[in-house]
Amino acid sequence: MSVYDNLNPPQKEAVLCTEGPLLILAGAGSGKTRVLTHRIAYLISEKGVNPWNILAITFTNKAAQEMRERVNNLVGEGAESIWVSTFHSACVRILRRHIDFLGYDNHFAIYDTDDQKNVMKEVYRKLEIDTKLFKERAVLAEISHAKEKLISPADMEKEAGRDRTALVVANAYREYEQILRKNNALDFDDLIARTAELFEKHPQVLEYYQERFRYILVDEYQDTNYAQFRFVSLLASKYRNLCVVGDDDQSIYRFRGADIQNILGFEHDFPDTRIIRLEQNYRSTKNILQCANMVIANNEKRKTKTLWTENEEGEKIHFRQFMNGFEEAEYVVGEVQAAVRTGEAKYKDYAVLYRTNAQSRMFEEKLLAAGIPYKIVGAVNFYARREIKDLLAYMRTVDNSVDDLSVRRILNVPRRGIGDRTQEVLQDYADEYGISFYDALCQIDEIPTLKRSAGKIGSFVSMIRMLKTKAEDCSVRELLEEIISVTGYRDELEKEGTEESESRLENIDELISTAQSFMDAAKEEGREATLSAFLEEIALVSDIDTVDPGQDYMLLMTLHSAKGLEFPRVFMTGMEDGVFPGYGTIMSGTQADMEEERRLCYVGMTRAMKQLTLTAARQRMIRGDVQFNKTSRFIHEMPREIVDLGHTVRETSGSVKESMKARSGLPFASSKPSRGFSDTAPGIYRNNPYTHVPKPAKQFQVTAAAKPDYQEGDRVVHMKFGTGVVKSIVSGGRDYEVTVDFDRAGIKKMFAAFAKLKKI
DNA sequence: TTAACAGGCCTTTTT
DNA sequence: GGCCTGTTAA
């Protein structure tokens, strides 16, 4: 009896089939991590493959960590030389060694979204782009998409042709790249794109890694983008031992460039592919699975498959609707509290999932009040906090003073009386002589116009110099502590004495302990704890990675963050049209967009092992004002006979159960959406002890905005965009969404109440 | 040069 | 509701 006998037949087949391209279509909870880890073990112990020759790629650090642990347990000796990492960190490792082939310094910095925005600001200033006409976010998104497809600024420019708008973006892209290069920095997309470029331009480097990684495994293949596909296929093209695992039904990152074609066309990209399907689910109850299957079956674009399970039938799916988000949160908190009190469950058995991060606030308040331990994943990344970024910018300056962005960030933090004006002069000087911002600081005496600030800048420079010297022979932690004290950063916050400064200080302490544990970990693994390595690790860490399974707290996160995780009990909240699926998808989305939302729903549902509760609110505060939403269309797609609606139902209007019975036999999916659950009679679902007495119905009438006094085809004038023609007017619940083709600014979509268009 | 205030604009989703 | 930008007063 070997370890492989515990696998079911298709799983076993996937483990044993080690040579050549292999596509494993693994449904949710079908044990794919198990297959991957056993496969690695099999390669090493049965096939005599050198661990050194194996590369396993995952999407999140957490998944990588988990796989690493399981591989370690299975393999023992030699496991540490297997590369188990995310796309991003694998690429960083490669680039640190070989990016000099592309003319970069191997000490490059990694820019996060925040840094990218700052670079963009500089681009706008240089090219005199109007922030009103081109949103930074949008341009950055386009650049990102270009990089995901390995499109260079030159390609983009060609493609733009004579399209003015597209040309501006292409120019911005080129300038953006120049700044990054000058700062010796890469953004997230670059990590992949530059590695692919490196492989393509330097065959000898590619060959080195092809020899190194003879066996490649890729998890979550449905979420890879073109650049990642390139990276993987280049690496695998020599030995062709490529095993990818994925599930087209769980593809939820199309918006950031994931190309579902990668998985659907895998057999085409790699002829002679063996395909194995894993359809037995080991995670969820029959009811949960059936419900999820029913929902996903509404998608047209998918490889049809049906998950099944031998698990017990389990509880019904619970659905509860409330008057507002407030009561929804109270219900969730109450349920958890009750179950924990009776010993039926632990906090860590629970996860609360929602569509957007903004929805976490309500739950956070209630949990805080109830004294329940919880952790919110991903709301504001720890490393994105101001104080942390400031301190990291100091460290980055010490590490790589060509990184203008970091130097500029800290030049006047804490306040040193060096203002914008001075910065501008310095930047101009640096630009003129083609030197870095930091070098300009060093040459302050050469700039006559800055006599007055020369002293302040001089002392800043000597402080950085001192830190640089210090960094050479002290640990990361010592350097950090030195920075905190010598800059007066801590003193400044301590003087403030507000609640906010208090929490900032706490964060700083946490950063210090992060540095310490980084050093400890490095020591244990026999690595050197260099400053660069520390900065790199931090750049690639996300929130979910810091979840400690030993602690008993409940988790709150977006549906996206939940992918790859499982919980005994799951709440999916905000199940309303307009929230989930989102407003934008309903109003202006394509069918493909809606299908992605549905897959997201499927992902959420299949996270649950034993208990799944769906909640919705009738009215909800969104962006400051109240919105009224129908129950999510996804709810209506679930089979009603396995959904429990709660029991406390107002008798007068006929119980819900009664009215349901009248349509018995019909799954929700086939009754008209608006009738499946009552959306018209408020106050029916008084199904929890916290529910307040419902208010009179008229309070919940939707008061639509006044219809605009222009029509389709009319010429209108807008304050900023000038004149244009109205293309369409769509009623969007509380306001009208107007699409206008402006003479100068192009096509814009806007809300009538905001836009204040005037007919001319 | 900076702090304080008003107004615009916004939201998916993340490595 | 909160973040960012631009304006103004000190």
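In what follows, chains carry the letters A, B, and so on, assigned in the order in which the sequence lines appear, proteins first and then strands, with residues in each chain numbered from 1. Below, each value reflects all heavy atoms present in this structure, side chains not excepted, and no hydrogens, waters or symmetry copies. For clarity, every value in this text was computed on a predicted model and none was experimentally measured.
- Around NZ of A:Lys135, the count of heavy atoms belonging to other residues, nucleotides or ligands within 6.0 Å exceeds 12.
- Between A:Ser89 and B:dT15 there is no side-chain N or O to OP1 or OP2 distance below 4.0 Å.
- For A:Ile143 and B:dT15, the CD1 to P distance is 21 Å, given to the nearest whole Å.
- Checked against a 6.0 Å centroid threshold, the rings of A:Phe229 and A:Phe231 do not count as neighbours.
- At least one side-chain nitrogen or oxygen of A:Asn412 sits closer than 4.0 Å to the OP1 or OP2 atom of B:dT2.
- In this structure, the nucleotide among B:dT13, B:dT1, B:dC10 sitting nearest to the side chain of A:Lys135 is B:dC10.
- Whole-Å rounding puts the A:Leu353 CG to B:dT14 P distance at 12 Å.
- Backbone-only engagement by A:Lys121 is indicated by non-hydrogen atom pairs under 4.0 Å involving sugar-phosphate atoms exclusively.
- Contact check, A:Asn357 against B:dT14: a side-chain N or O comes under 4.0 Å of OP1 or OP2.
- Distance A:Phe188 CZ to B:dT14 C1': 9 Å, rounded to the nearest Å.
- Phosphate contact (OP1/OP2 of B:dT14, side-chain N/O of A:Thr558, threshold under 4.0 Å): present.
- Residue A:Phe108 forms a side-chain contact (heavy atoms from CB on, under 4.5 Å) with just one option from A:Asp190, A:Leu180, A:Ile99, and that option is A:Ile99.
- Contact annotation for A:Tyr253: backbone-only contact, meaning every heavy-atom pair under 4.0 Å involves sugar-phosphate atoms and none involves a base.
- Atom P of nucleotide C:dC4 and atom CG of A:Leu140 are separated by 14 Å, given to the nearest angstrom.
- Remark: A:Arg137 is in phosphate contact with B:dT11, judged by side-chain N or O atoms under 4.0 Å from OP1 or OP2.
- Here A:Ser561 does not reach the OP1 or OP2 of B:dT13: none of its side-chain N or O atoms lies under 4.0 Å away.
- Listed nucleotides: B:dT15, B:dC9, B:dT13. Nearest to the side chain of A:Phe255: B:dT13.
- Here the P atom of nucleotide B:dT15 and the CG atom of A:Asp114 are 16 Å apart, to the nearest Å.
- The existence of a salt bridge linking A:Arg633 and A:Asp577 is confirmed by a sub-4.0 Å separation between a basic side-chain nitrogen and an acidic carboxylate oxygen.
- Both A:Arg355 and A:His88 lie close to DNA chain B; mapped to their nearest nucleotides by heavy-atom distance, the more 5′-ward contact belongs to A:Arg355.
- Of all heavy-atom pairs between A:Gly574 and A:Arg620, the closest is CA-NH2, 3.3 Å.
- Summarising the geometry, the separation between CD on A:Gln116 and P on B:dT14 is reported as 15 Å, rounded to the nearest angstrom.
- With respect to A:Arg256 and A:Glu596, no salt bridge is recorded, no charged nitrogen being found less than 4.0 Å from a carboxylate O.
- At whole-Å resolution of the value, CD in A:Glu136 and C1' in C:dC3 are 13 Å apart.
- Nearest-nucleotide positions on DNA chain B place A:Ile418 closer to the 5' end than the other of A:Ile418 and A:Asp593.
- Comparing the C1' positions of C:dG6 and B:dT11 gives an interatomic distance of 23 Å, to the nearest angstrom.
- In this entry the distance linking CD1 of A:Ile622 with C1' of B:dT12 reads 11 Å, nearest Å.
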